[in-house]
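Take a look at the structure set out below.
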Amino acid sequence: SAKDMKHRLGFLLQKSDSCDYSSSQSKKEKISSSQRVSQEEVRKWADSLENLIHHERGLAAFRAFLKSEYSEENIEFWVSCEDYKKTKSPAKLSPKAKKIYDEFISVQATKEVNLDSCTREKTSHNMLEPTLSCFDEAQRKIFTLMEKDSYRRFLKSPYYLDLVSPPGAGCGPENCKRSHTHSLDCNSNIISQCA
């Protein structure tokens with residue numbers, strides 16, 4: 001009947017809009033990928049890098065962007081430092097600090113971040129007796145580097161632009177072109193893949 005057909009079409013349309021891009025996604029990922037970020041919140045990300053990386057979805061979008069530029073070690077280092085500063089047990093400080101140092105700062109680091117020799121030397125010296133603040137200067141330098149460089153490019157990239165003006169919103173020539181090349185429905189499958 002026509003009523004059944006209408007119901008089925010409605011169901012299919014809903015299903016195609018649901019952000020379930022992969023049946024292998026866990027239930028938790030499906031739930032979080034369908035949660036929307038308000039336009040107001042997305043616009044705040046353009047105010048400062050702090051606003052962006054202190055928002056779970058903003059951090060995921062920025063991380064995805066950095067991955068596309070092969071420079072995700074910067075945000076990974078920053079996040080590791082934030083996590084390190086929350087360490088409650090003094091016994092865990094030294095092993096955690098060594099892990100961060102070996103991964104991001106040492107000469108043989110697998111994800112070496114771009115630090116000047118003075119900051120690198122000071123951080124190496126801090127490793128002799130690790131404290132909660134032993135990475136502060138290095139973290140600040142990497143934050144400044146991201147703020148002046150990759151953050152500005154992020155704000156001009158489809159990773160941000162398609163979220164701040166989703167497809168169909170004010171279809172000026174540049175919006176139409178962008179929405180056809182990077183349709184990011186449900187606040188972007190890019191974020192849901194990287195969250």
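Remember, it's a predicted structure, so these values are computed and weren't measured experimentally. Counting from 1, the numbers follow the sequence of the chain as shown.
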Derivation of the side-chain contact (heavy atoms from CB on, under 4.5 Å) call for Asp47 and Leu52 = CA-CA 8 Å; Asp47 294 341; Leu52 173 68; over 6 Å; no
inquiry  = As an exercise, state the distance from NZ of Lys44 to OG of Ser48, rounded to the nearest 0.5 Å.
reply    = 10.5 Å
task = Looking only at non-hydrogen atoms, find the nearest pair between Val113 and Phe77 and report the distance.
result = CG1-CB, 3.7 Å
Intermediate values then yes/no, salt bridge (Lys or Arg N to Asp or Glu O under 4.0 Å), Glu72 and Arg63 = CA-CA 6 Å; Glu72 69 266 27; Arg63 185 175 274 170; over 6 Å; no
task = Kindly give the heavy-atom pair with the smallest separation between Ala97 and Phe135, and that separation in Å.
result = O-CZ, 3.3 Å
message = Please give me the minimum heavy-atom distance between Ala138 and Ile105, naming the atom from each residue.
response = CB-CD1, 4.5 Å
key: His54 side-chain N/O to Glu50 backbone N/O, donor-acceptor pair under 3.5 Å   = yes
ask   = Under 3.5 Å, is there a donor-acceptor pair linking the side chains of Tyr101 and Ser124?
value = yes
query = Is the shortest distance from a Lys or Arg side-chain nitrogen in Lys85 or Glu82 to a carboxylate oxygen in the other one below 4.0 Å?
reply = yes
task = Could you tell me whether the side chain of Asn74 and the main chain of Ile142 form a donor-acceptor pair under 3.5 Å?
result = no
message = Please check: side-chain N/O of Tyr160 versus main-chain N/O of Val42, any donor-acceptor pairing under 3.5 Å?
response = yes
task = State the CZ-OG distance between Arg43 and Ser38, to the nearest 0.5 angstrom.
result = 8.5 Å
key: side chain to side chain contact (heavy atoms under 4.5 Å, CB included) partners of Lys96, counting only residues at least two apart   = Asp83, Tyr84, Thr87
inquiry  = How long is the straight-line distance from CD1 of Ile53 back to CD1 of Ile75, given to the nearest 0.5 Å?
reply    = 4.5 Å
note = Correct closest heavy-atom pair for Ser80 and Phe104 would be OG-CE1, 3.7 Å
ask   = Roughly how far, to the nearest 0.5 Å, is the CG atom of Leu145 from the CD atom of Glu147?
value = 10.5 Å
message = If you compare all heavy atoms of Ser68 against all heavy atoms of Tyr159, which two are closest, and at what distance to 0.1 Å?
response = CB-OH, 3.2 Å
key: Test side-chain contact (heavy atoms from CB on, under 4.5 Å) applied to Leu49 and Phe62, step by step   = CA-CA 10 Å; Leu49 178 56; Phe62 189 53; 3.9 Å; yes
ask   = Counting only N and O atoms by type, is there a donor-acceptor contact under 3.5 Å from the side chain of Ser133 to the main-chain atoms of Asp136?
value = no
remark   = Taken in chain and number order and not counting sequence neighbours, the residues that satisfy side-chain hydrogen bond (donor to acceptor under 3.5 Å, both in side chains) with Glu103 are Lys111
inquiry  = I'd like to know if the side chain of Gln139 reaches the main chain of Trp78, judged simply by a donor and an acceptor atom lying under 3.5 Å from each other, with no hydrogens or angles considered.
reply    = yes
message = Working to the nearest 0.5 angstrom, can you tell me the gap between Ser94 OG and Leu128 CG?
response = 10.0 Å
inquiry  = The criterion is side chain to side chain contact (heavy atoms under 4.5 Å, CB included); which residues satisfy it with Asp149, sequence neighbours excluded?
reply    = Arg153
task = Could you tell me whether Asp102 and Lys98 make a salt bridge, using a distance below 4.0 angstrom between a side-chain N and a carboxylate O?
result = yes
message = Less than 4.0 angstrom from a charged side-chain N to a carboxylate O is my criterion; do Glu112 and Arg120 meet it?
response = yes
key: Donor + acceptor pair across side chains of Thr119, Asp116 (<3.5 Å)   = yes
inquiry  = I'd like to know if the side chain of Asn126 and the backbone of Cys134 have a donor-acceptor N/O pair within less than 3.5 Å.
reply    = yes
query = Which pair of non-hydrogen atoms, one from Leu161 and one from Leu155, has the smallest distance, and what is that distance?
reply = CD2-O, 3.5 Å
